[in-house]
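Structure first, commentary second.
For clarity, every value in this text was computed on a predicted model and none was experimentally measured.
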Amino acid sequence: MAKDIKVAIIGVGGVGKAFVSQLSNYIKKNASTVSVSVVYIARSRAALISKDYSPLPLTAFVSEELDAAGTEPLSVTDLVQFLKASGGEAILIDNTSSIELAKTYPDILSAGIHIATPNKKGFSSEEKLWNDIFAASGNNGGSGGYVFHEATVGAGLPVLSTIRDLIETGDEVTKVEGVFSGTMSFLFNEFAPVGASGAPKAFSDVVKVAKDAGYTEPDPRDDLNGLDVARKLTILARLSGLSIASPTSFPVQSLIPKPLESVSTSQEFMDGLPNYDSEIGLLADEAKKEGKVIRFVGSIDVPSKAVKVGLEKFDFSHPIAGLKGSDNIIAFYTKRYGDRALIVQGAGAGAEVTAMGVLSDVIKIIARI
Ligand code: NHO
């Protein structure tokens with residue numbers, strides 16, 4: 001008999017919409033072995049609820065349908081009750097960036113409901129939440145639901161599964177280093193490409209191109225402050241066995257010029273940015289004279305417990321220097337792999353590849369239940 005699984009989706013923005021479309025294809029392809037019914041879809045102020053647990057239609061217009069539905073979302077407590085009352089296995093997909101929702105993961109997992117999410121907040125905020133989530137989960141043999149969050153680092157790239165596999169098979173991770181932000185990757189690959197000739201580009205112009213192309217957050221300061229990378233490093237460092245109090249508990253270099261930190265709008269920030277082009281231009285020139293380029297990277301040195309995020313110089317021949325577009329690259333140095341790192345590289349941002357990471361987690365959960 002086909003497995004019967006109920007799914008609730010919270011958050012139908014860029015990633016959420018791509019996820020719904022990918023899930024719809026998965027359901028069609030696997031109908032003979034698994035029966036997956038999406039019974040709840042919500043965004044901040046509207047929800048679609050299938051009270052009799054029959055599958056909601058997963059059309060490309062789910063977003064417009066939600067607008068038209070006019071039903072208030074359930075509280076987390078009521079949603080847990082609703083899913084439990086179905087009598088079978090249930091998976092909650094959190095496609096929001098809400099810390100409030102992430103704080104309820106321990107309760108959701110304790111109720112036996114599984115979670116798949118690209119939301120970094122639950123795993124990169126204070127350490128107690130991380131500990132509570134995994135203590136409540138069934139990941140380590142407990143009775144709670146499974147929780148997977150592959151897309152919180154490197155979108156659909158196998159970054160978290162790789163580090164888990166390395167550690168669980170007895171290898172010892174000594175260092176993790178790389179470019180963890182698609183936005184930062186694009187900015188520096190464009191601003192300081194290897195072997196560039198002619199007049200250098202102004203950093204502010206590159207930020208504008210990235211903003212207009214939709215690579216950056218609506219306010220580019222949310223990328224340039226380094227916090228997104230710090231959150232990803234927090235997750236990887238915790239998986240490497242380090243105790244990290246929060247993403248602000250280690251050195252993180254912000255690329256936001258001090259006077260522009262407090263301007264109130266994103267437009268004011270963009271207007272003021274050209275005044276600071278010379279500072280970062282100078283760094284790029286210095287690197288170039290040494291036969292190097294600057295890149296925004298993160299690293300974790302496990303034995304010394306040192307985690308840091310910021311600009312560093314790399315030889316032209318270094319794999320980090322030669323990245324293209326908005327690709328991520330993550331190098332794992334381990335006892336088993338010796339001097340030659342295990343490298344994961346590819347698109348690390350965007351709705352489709354992030355949704356793929358979430359769906360692959362759903363498939364892992366289905367295989368375990
Ligand atoms: P949106 O488009 O803002 O959508 C969020 C949705 O959640 C909206 O529908 C909103 O109404 C709903 N929502 C918010 N709070 C809610 C609540 N309390 N209850 C119900 N609904 C609520 O965001 P995205 O782009 O779809 O992102 C969704 C999640 O995926 C976020 O947690 C984001 O951090 C995560 N994520 C996105 C990406 C990406 O590329 N878009 C990536 C990873 C994770 O790998 C990617 C990445 O790291 C990008 C990074 N900026 C980079 O490297 O440059």
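Under a 4.0 Å N-O distance rule, the pair Lys3/Glu89 does not qualify as a salt bridge. We find that Glu100 and Lys103 are not joined by a salt bridge, their nearest charged nitrogen and carboxylate oxygen being 4.0 Å or further apart.
Defined by atom type and a distance below 3.5 Å, a donor-acceptor pair is missing between the side-chain atoms of Asn30 and Ser32. Side-chain atoms of Thr334 and Asp171 form a donor-acceptor pair, as typed in the model, at a separation below 3.5 Å. No side-chain N or O of Asp315 forms a donor-acceptor pair with one of Ser317 less than 3.5 Å apart.
Applying the 6.0 Å contact sphere to CZ of Arg45 captures no more than 12 heavy atoms from other residues, nucleotides or ligands. The number of heavy atoms from other shown groups lying within 6.0 Å of CG (Asp52) is above 12. Other residues, nucleotides and ligands contribute more than 12 heavy atoms inside 6.0 Å of the CD atom of Gln253.
Between Leu359 atom CG and Ile366 atom CD1 the span is 8.0 Å, to the nearest 0.5 Å. Taking NZ from Lys208 and NZ from Lys211, the interatomic distance works out to 8.5 Å, rounded to the nearest 0.5 Å. Distance check: Tyr333 OH to Thr174 OG1 gives 9.0 Å after rounding to the nearest 0.5 Å. Between the OG atom of Ser37 and the CD1 atom of Ile5 there is a distance of 9.5 Å, given to the nearest 0.5 Å. Interatomic distance, Ile300 CD1 to Leu233 CG, rounded to the nearest 0.5 Å: 5.0 Å. Leu79 contributes atom CG, which lies 9.5 Å from atom OG1 of Thr77 (distance to the nearest 0.5 angstrom).
The minimum heavy-atom distance linking Val179 with Asp327 is given by the pair CG1-O, 4.2 Å. Residues Gly16 and Asn95 approach most closely at CA-ND2, 3.5 Å, considering heavy atoms. The two residues Arg336 and Thr169 have their closest heavy-atom pair at NH2-O, 2.6 Å. The nearest pair of heavy atoms linking Met184 to Asp223 is CE-O, 3.2 Å. Nearest heavy atoms, Ala102 versus Leu129: O-CD1, 4.0 Å. The shortest non-hydrogen separation linking Val229 to Phe296 is CG2-CE2, 4.0 Å.
Using a 30° and 60° split on the angle between ring planes, His149 and Trp130 fall in the perpendicular class, above 60°.
With hydrogens and angles disregarded, no donor-acceptor distance shorter than 3.5 Å links the side chain of Tyr276 to the backbone of Leu260. Counting only distance, with no hydrogens or angles, the side chain of Ser185 and the backbone of Gly182 share no donor-acceptor pair below 3.5 Å. Under the 3.5 Å distance criterion, the side-chain polar atoms of Thr104 are left unmatched by any main-chain donor or acceptor of Asp107. For the pair Lys84 (side chain) and Ala111 (backbone), a donor-acceptor distance under 3.5 Å is present. Without hydrogens or angle criteria, Arg238 side chain to Asn131 main chain gives no donor-acceptor distance under 3.5 Å. Side-chain N or O atoms of Gln22 include one that pairs as donor or acceptor with a backbone N or O of Glu352 at under 3.5 Å. Under a 3.5 Å cut-off, the side chain of Glu150 and the backbone N or O of Val159 do form a donor-acceptor pair. A distance-only check finds a donor-acceptor pair linking the side chain of Lys121 to the backbone of Ser97 [under 3.5 Å].
Under the 4.5 Å side-chain criterion, counting only non-hydrogen atoms from C-beta, Arg221 is in contact with Val263. With contacts defined as side-chain heavy-atom distances shorter than 4.5 Å, the pair Glu190/Val209 does not qualify.
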- For Asp361 and Lys364, what are the C-alpha separation, side-chain angles and deciding distance, and is it a salt bridge (Lys or Arg N to Asp or Glu O under 4.0 Å)? CA-CA 5 Å; Asp361 281 347; Lys364 278 181 203 143; 3.6 Å; yes
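When each of Leu236, Ile329, Val297 is paired with Phe180, the side-chain contact (heavy atoms from CB on, under 4.5 Å) condition holds for Leu236 and for no other. When each of Thr234, Asn119, Leu160, Thr354 is checked for a side-chain contact (heavy atoms from CB on, under 4.5 Å) with Thr152, only Leu160 meets the rule.
Aromatic pair Phe203/Phe188: centroids less than 6.0 angstrom apart. A distance of 6.0 Å or more separates the ring centres of Tyr26 and Phe19.
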